Amino acid sequence: MKNKLDPVKYEMLHKRLDQTLKEARETIVKLSTSGVTREAREVAQAFFLPDGDTVHMASAMLMHIQSISSAIKYMIKEGYSQDIGIHEGDQFIHNDPHLAGMHMPDVFMIAPFFYKGKLAGWTGNFTHIAEIGAIEPGGVAPGAMDFYHEGLCFPCVKLVEKGIPKRDLFNMMSRMVRDPRSIDIDTRAKIGGNETACRSLAKIIDDFGLDFFTNACHENIREGEVLARERLKSLHPGIYRSRLFSDSTGLEEKLLMIEIDMEITKDRRLIIHVPVSSPQQAGYNNCTIHAVQGLTFSVLLEQLFYDLRWNSGTFKVLEYNISCGSILNADRTAAVGYCPIGIGSQAMGCMDEVISRAAFIGKRYKDIYCPSPNLPSVFYGGIDQFGRRCAGVNVQGMAGFGARLDRDGVDSGIYHGNTCAEAPDIEADEMQTPFIYLAHRTAVDSGGIGKHRGGAVPEMVMSVRNTPLFMAGCMGSGRLVSPTQGLFGGYPGSTTCFQYSSNTNLNELIDSNGEIPYRVDEINMLVKGEHEYLPISTKIRPLKEGDLIGWKSLGAGGCGDPLERDPGAVMKDIKNKMTGERTATEIYGVVFDRETLKIDYEKTTKLRERKRKDRLRNGIPAKQYIKDMVEKRKRREYPVHILNLIDELSSFSPSFLTQLKKEEEISGEVS
């Protein structure tokens, strides 16, 4: 169709549409009261055809755009225009992840766009509402055992009718949450974003004409599919596999597993298979199929389709094959609160890995980067320092990006799937909450070790002030095993931790100018009190003035052999407190003077040569390794977490049993 459209006008319209959506996005950011929107910029805005297909999205939180498209298609399928009504000035609120979306705090506002009385499309947006009325404050409840514990649910509910907000529904929302500021003000901000978009869209059609506008939108989607299939031609057909272990269902620590196969067919389709997966869990670390589609799509947009059209045309090259009842395709009863920053985010890491492997074979080296971590977060509720009710989630733990084939990863302050993320200011948290930060710093050795280091991540030590009642907990995974893989010899990122210390002498230390902790591992050494090293998913508990919480994010994966890292880069990381001295010598093989940090290059070369020889001498042939593993498994000599994982997968996944039998066949070949 594009050859029938004026190409200059076509590109001009596309740029106008892009600027319109970015303007609407920024309207939401400016009007929002929530730090996760205003500071961390978890926001998205897009425009859709009348049938719900995405035409274009503003660069932002990419993972949610396909969810808005699915919500629009749900309303069309359910016949909203016949009984509920779809009129000019209407706006619908939606957050039901089992219909379209990821988890309850992801709240969408969707508005039909009319031009001179005719439905010309839809505009929709998203922000994260930090308090949604779940069984625990902050939007995500580690104690949730099923979907019905997770708060207010709006399955495409009309909140604004013909331009008039429904006051009864606004009152209901405000009355059913602990802190109404976020859900009330941010919802109005999103309504304003859609109104901004609709006004600007009408001006675009005034300038270009409705026929040209409509044809250009369809062409944009067609072009998105064509360009995506062309891009797939640069990759070798085949199946690329990644396997990952997670360690939290919620309050229970146990091992879970997912295996993602990305199949690139000869006719340039891209099929996401999940042949092995743990079953859905009685906890909050499950995903809906809609979430997995949005999350994996956002990885493709960032890593492979970054310079193409971001719309439903690009999505059409994708197909999914995921077993129902698994943690990546849970049924409508399952709690899914931790999905997008838990097992779903870890699935994004698997996508990073399989795309990187395909890109390496296709010699698209710039498209390679290692998995990035998911996000542990502290959530809270109670009375703030001004005597107001408060509830929310702390996003200071925003993590880093994985290493690239030719450079280090991005350190703290970015989140996978958000192209306009910003590290939130500590001061914003301290103004709005009773939290006071004693430390917010980069954790040593947190980025995955490798020729190129994975992104390092923050660790924090926090207390509270001027509050009669305050509670905090933590949501996360990655305490027992890191879910972020390294590539091509690189190490995984660091694990995480959460510590709670009560009845401390912190105030006395401050009053006497004593030494206070600036790292999590210093808390026990410097502060007297009752110290608890807790699971990373921990229910809310009281936190009074002088009590401490310490926590650390997960590190991003490293890339390449650590023995090939530039010794100068290792020394720079030591100076910046990114790498420890012991790691520099024992893992990177760098010999240096501890006082001056001057490198002894001759001894470094000899040490690295010795380490390479040690690898060859101590290495075990693959078939022998598999035989030893099979025999150990038969004797059930593994730790209980591993044995439970094997038993659960064997009873749920036929593909896993097939893999076990293949390993037994291989072990039988070893004499």
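Along the sequence shown, the residues carry numbers beginning at 1. Keep in mind it's a predicted model, so treat the numbers as computed, not measured.
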In terms of heavy-atom contacts, Leu660 and Ser650 come closest through CD1-OG, 3.8 Å

Among all residues two or more places apart in sequence or in another chain, which pass the ring-ring contact (aromatic ring centres under 6.0 Å, His included) test with Tyr588? none

When you measure from the side chain of Thr585 to the backbone N and O of Val590, does any donor-acceptor pair fall under 3.5 Å? yes

Return the set of residues passing side chain to side chain contact (heavy atoms under 4.5 Å, CB included) with Asp307 (not counting sequence neighbours), or none when no residue passes. Arg231

Identify every side-chain donor-acceptor pair in residues 358-366 under 3.5 Å, counting partners at least two apart or on other chains, and give the distances.
from   : atom 1 : to     : atom 2 : distance (Å)
Arg364 : NE     : Asp367 : OD2    : 2.5
Arg364 : NH2    : Asp367 : OD2    : 3.0
Lys366 : NZ     : Asp406 : OD2    : 3.1

Report the residues that fulfil side chain to side chain contact (heavy atoms under 4.5 Å, CB included) with Asp628, sequence neighbours left out, ordered by chain and then residue number. Gln624

With sequence neighbours left out, the residues meeting side chain to side chain contact (heavy atoms under 4.5 Å, CB included) with Thr484 are Pro373, Ser482

Glu252: what forms a salt bridge (Lys or Arg N to Asp or Glu O under 4.0 Å) with it, not counting sequence neighbours? none

Could you tell me which residues satisfy salt bridge (Lys or Arg N to Asp or Glu O under 4.0 Å) with Glu663, sequence neighbours excluded, listed by chain and number? Arg633

Are the side chains of Leu328 and Tyr320 in contact, using a 4.5 Å heavy-atom criterion? no

For Glu564, the salt bridge (Lys or Arg N to Asp or Glu O under 4.0 Å) test, sequence neighbours excluded, returns Lys451

List the steps and the verdict of side-chain hydrogen bond (donor to acceptor under 3.5 Å, both in side chains) for Ser356 and Gln303. CA-CA 9 Å; Ser356 294; Gln303 191 169 353; 3.1 Å; yes

Any donor-acceptor N or O pair under 3.5 Å, side chains Glu353, Ser242: yes

For the residue pair Gly550 and Val520, what are the closest heavy atoms and their distance? C-CG2, 4.0 Å

Sorted by chain and number, sequence neighbours left out, salt bridge (Lys or Arg N to Asp or Glu O under 4.0 Å) with Asp573 holds for Arg453, Arg565

Under the salt bridge (Lys or Arg N to Asp or Glu O under 4.0 Å) rule, what pairs show up with a residue in residues 479-500, not counting sequence neighbours? Glu253-Arg479

For Tyr369, which residues count as a ring-ring contact (aromatic ring centres under 6.0 Å, His included) partner, sequence neighbours excluded? Phe401

So the salt bridge (Lys or Arg N to Asp or Glu O under 4.0 Å) pairs with at least one residue in residues 640-660 (sequence neighbours excluded) are Lys254-Glu648, Arg636-Asp647

Can you tell me if Tyr338 and Ser248 form a side-chain donor-acceptor pair at under 3.5 Å? no

